[in-house]
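Take a look at the structure below.
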Amino acid sequence: TAVAVLHPTKGNQASGVIHFQTVGDGKMRVTATVEGLAPNSVHAIHVHEFGDCTAPDATSAGSHYNPEGHPHELPDKKERHAGDLGNLQANAQGKATLDLTVDNITINGSKNPVVGRGVIVHEKIDDGSQPVGNAGGRISCGVIGLPK
Ligand code: CU
Ligand code: ZN
């Protein structure tokens, strides 16, 4: 497994945690809980290239993690950035959960390893458009690490 704690970027409140769990057969279960979102809002969530949240606006995390050179897509499309996890839907309390199983990433294997990369939650919805889903600024950032 791998885990990232998501911290708000400057001027934002979104925080949470995301877990990556290898479930066999080349599949990875991705579960996340994020709080501090606007009620009933929708937010893009992606794995970005760099595990670096040092910039106040998290631009230090780079762009979407895309070692295969695919176009940007939502998770229902097979050929997409390895980091494309789609969207989080917040409830009336501003809390969102994600439970998604993907087949294009590994923790630290040969196929698109995510450990040491970044996770970004954006201010807006990922609409699936090129080049990166038109999701606006970065409201939360975390670095994917190995747990005990
Ligand atoms: Cu992103
Ligand atoms: Zn993407």
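Counting convention: from 1, in listed order, for ligands and their atoms alike. Just so we're clear, the structure is a prediction, and the values are computed from it rather than from any experiment. Worth knowing before you read on, the calculation uses all heavy atoms, side chains too, and leaves out hydrogens, waters and symmetry mates.
Minimum-distance N/O/S atom of H81 relative to the Zn ion (ligand 2): ND1. The atom of H72 nearest to the Zn ion (ligand 2) is ND1, with the search restricted to N, O or S atoms. H64 contributes atom ND1 as its closest N/O/S atom to the Zn ion (ligand 2). Closest approach between the Zn ion (ligand 2) and any N/O/S atom of D84 involves OD1.
Taking OG1 from T59 and CZ from R138, the interatomic distance works out to 6.5 Å, rounded to the nearest 0.5 Å.
When side chains are defined from C-beta on, V119 counts as touching I144, because their heavy atoms get closer than 4.5 Å.
Using bins of under 30°, 30° to 60° and over 60° for the plane-to-plane angle, the ring pair H46/H72 lands in the perpendicular bin.
Using a cut-off of 2.8 Å, one finds that E73 contributes no N/O/S atom close to the Zn ion (ligand 2).
Within a 6.0 Å radius of NZ in K124, more than 12 heavy atoms belonging to other residues, nucleotides or ligands are found.
With S140 contributing its side chain and H7 its backbone, the two residues share a donor-acceptor pair below 3.5 Å. Checking side-chain atoms of T106 against main-chain N and O of K111 turns up a donor-acceptor pair under 3.5 Å.
Ring-centre distance between H122 and H48: below the 6.0 Å cut-off.
Around the Cu ion (ligand 1), the protein N, O or S atoms found under 2.8 Å comprise H46 ND1, H48 NE2, H122 NE2.
Clustering ILVMFWY residues whenever any of their side-chain heavy atoms sit less than 4.5 angstrom apart, transitively, puts V30 in a cluster other than the one holding V143.
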